[in-house]
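As a basis for the values below, the full set of heavy atoms in this structure was taken, side chains included, without hydrogen atoms, waters or symmetry mates.
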Amino acid sequence: MSTQFKSLFPFVRQMFATTITLATTAFCFTGGAAAISITSTVNSDPNTVPVAGTSLQDGDFRLTGSAGRLGDGLDDIAFWDFDFNGDPNVDIFKNLIDSGSSLLSANLSLTMTPMNSLSTDATGITRIIGPSVLMQGLSDIPAVGETGILEIDLFSPLIGPNNLRFTPEKILSAFNSGTPKSIPWFFQDDARISSATLELVVDSSSLEETSIPEPSSIFGLGVLGVALLVKQKQSV
């Protein structure tokens, strides 16, 4: 085999590796992903010390209460914002929602330490009347004094009475009002919340598949590039 053709091997390998990568990406987008998601996470400050008073900032959480002591997870009401502005998909998400795409799911994750029975506790969107999740109707709540993660499907029909249930319309109403691309939230009141995450998933099937080349087209460009490299080497 000539030295000229041997020298082509690195170029050929790189060209086909890039082609395969691009083709796989295009295939996953057009064939395997009918939705995109956005996520926001907030965290407490592990160094927060309980104090007497009516307001306390605990990391991303603002604590209020009337029992005279805050930060111990007893009779604390925690307020925070799920701010999605830092998510790389938020602008696409907003455009899809504005164009009428459906909100497919909303999942809440709470890392929490119950300090008492949660039979009267709730969590949900603030600034609007409902919706909220009543803790007494949930399973898998960590035991009192133990830290664990509680996962909540906000669209589940099992999380509360009809008048308090979450709907896509209620969530998007909060998302589109107040602070842009942000949802105000609360938890009340007998647990210490260490972390909270909200994930929203929207149908993205309306995105034009033609905006990304078909895998066969990308592969064809790769073959053409190799042919041009061969011709260039032969002419030298």
Side-chain angles (χ1 to χ4, degrees), residues 32-43 60-64 76-112 114 118-142 148-191 193-208:
I36 64 167
S37 66
I38 56 174
T39 303
S40 175
T41 298
V42 294
N43 296 287
D60 297 318
F61 303 100
R62 181 174 62 87
L63 306 181
T64 65
D76 291 348
I77 304 176
F79 295 94
W80 67 91
D81 287 328
F82 282 122
D83 187 348
F84 296 95
N85 283 283
D87 190 291
N89 288 332
V90 69
D91 289 331
I92 299 175
F93 178 94
K94 182 70 164 58
N95 290 337
L96 287 168
I97 290 300
D98 290 345
S99 65
S101 294
S102 300
L103 185 64
L104 300 178
S105 66
N107 296 295
L108 175 68
S109 175
L110 297 174
T111 301
M112 63 193 308
L118 303 187
S119 60
T120 62
D121 289 35
T123 188
I125 298 174
T126 56
R127 300 181 195 165
I128 60 175
I129 300 175
S132 61
V133 179
L134 304 181
M135 295 293 109
Q136 64 179 357
L138 300 180
S139 58
D140 300 326
I141 294 177
I149 299 176
L150 179 63
E151 304 282 354
I152 306 174
D153 174 4
L154 295 178
F155 291 163
S156 171
L158 304 177
I159 63 173
N162 289 335
N163 62 319
L164 295 179
R165 287 179 186 167
F166 285 85
T167 65
E169 292 75 21
K170 290 177 180 179
I171 290 177
L172 294 179
S173 175
F175 181 82
N176 289 320
S177 63
T179 304
K181 304 170 186 175
S182 179
I183 298 179
W185 211 268
F186 81 97
F187 183 93
Q188 177 180 342
D189 56 350
D190 285 326
I193 307 300
S194 304
S195 179
T197 297
L198 180 61
E199 179 191 45
L200 305 178
V201 180
V202 65
D203 181 1
S204 64
S205 59
S206 63
L207 292 176
E208 293 184 1

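Residue pairs satisfying the salt bridge (Lys or Arg N to Asp or Glu O under 4.0 Å) criterion with at least one member in residues 94-108, sequence neighbours excluded, are listed as follows: Lys94-Asp98.
To the nearest 0.5 Å, atom OG of residue Ser101 and atom CD1 of residue Ile92 are 11.5 Å apart. Distance check, rounded to the nearest 0.5 Å: CD1 of Ile77 to CZ of Arg62 gives 10.0 Å. Going from atom CD of Glu169 over to atom CG of Leu103 covers 9.0 Å, rounded to the nearest 0.5 Å. Residue Thr179 holds its OG1 atom at 12.5 Å from CZ of Phe84, rounded to the nearest 0.5 Å. Put simply, CG on Leu198 and CG on Leu110 are 10.0 Å apart, with the number rounded to the nearest 0.5 Å. Atoms CD1 and OG, on Ile97 and Ser102 in that order, are 7.5 Å from each other to the nearest 0.5 Å.
A perpendicular orientation is assigned to the rings of Phe82 and Trp80, their planes being inclined by more than 60° (bins at 30° and 60°). A tilted orientation is assigned to the rings of Phe79 and Phe186, their planes being inclined by 30° to 60°.
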Would you sort out whether Leu118 and Met112 count as a side-chain contact (heavy atoms from CB on, under 4.5 Å), showing the intermediate values? CA-CA 11 Å; Leu118 303 187; Met112 63 193 308; 3.7 Å; yes

Kindly determine whether Leu108 and Thr197 satisfy side-chain contact (heavy atoms from CB on, under 4.5 Å), including the steps that lead there. CA-CA 6 Å; Leu108 175 68; Thr197 297; over 6 Å; no

Tell me, with the steps shown, if Leu207 and Leu96 meet side-chain contact (heavy atoms from CB on, under 4.5 Å). CA-CA 8 Å; Leu207 292 176; Leu96 287 168; 4.0 Å; yes

The test is side-chain contact (heavy atoms from CB on, under 4.5 Å); show your working for Leu154 and Ile152 and say whether it passes. CA-CA 6 Å; Leu154 295 178; Ile152 306 174; 3.9 Å; yes

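Contact of the Asn107 side chain with the Ser105 side chain is registered, since non-hydrogen atoms from C-beta on lie closer than 4.5 Å. Looking only at side-chain heavy atoms (C-beta outward), Val42 and Trp185 stay at 4.5 Å or farther from each other. At least one side-chain heavy atom of Ile149 sits less than 4.5 Å from a side-chain heavy atom of Thr111. Two residues are said to be in side-chain contact when any heavy atoms from C-beta on lie closer than 4.5 Å; Ser109 and Glu151 meet this criterion. Between Phe155 and Pro168 the shortest side-chain heavy-atom distance falls below 4.5 Å. Counting heavy atoms from C-beta on, the side chains of Met135 and Asp190 never come closer than 4.5 Å. You'll find the side chain of Phe187 stays beyond 4.5 Å of the side chain of Phe61, heavy atoms only. Side-chain contact check for Phe166 versus Val133: some heavy-atom pair is nearer than 4.5 Å.
Closest approach of Ala122 and Leu134 over heavy atoms only: CB-CD2, 4.1 Å. Between Ile36 and Ser204, the shortest heavy-atom distance links the atoms N-OG, 3.9 Å. Nearest heavy-atom pair across Ile125 and Ala174 is CG2-CB, 3.8 Å. Looking at every heavy atom in both residues, Pro180 comes nearest to Asn85 through O-ND2, 3.0 Å. Gln136 and Ser119 get closest at one heavy-atom pair: OE1-O, 3.2 Å.
A donor-acceptor contact shorter than 3.5 Å is absent between the side chain of Ser132 and the backbone of Thr123. Between the Asn89 side chain and the Ile38 main chain, no donor and acceptor come within less than 3.5 Å of each other. Asp60 places a side-chain N or O within 3.5 Å of a backbone atom of Asn43 that can act as its donor or acceptor partner. Put simply, the side chain of Asp87 gets close to the backbone of Thr39: a donor and an acceptor are under 3.5 Å apart.
Side-chain atoms of Ser182 and Asp83 include no donor-acceptor pair closer than 3.5 Å.
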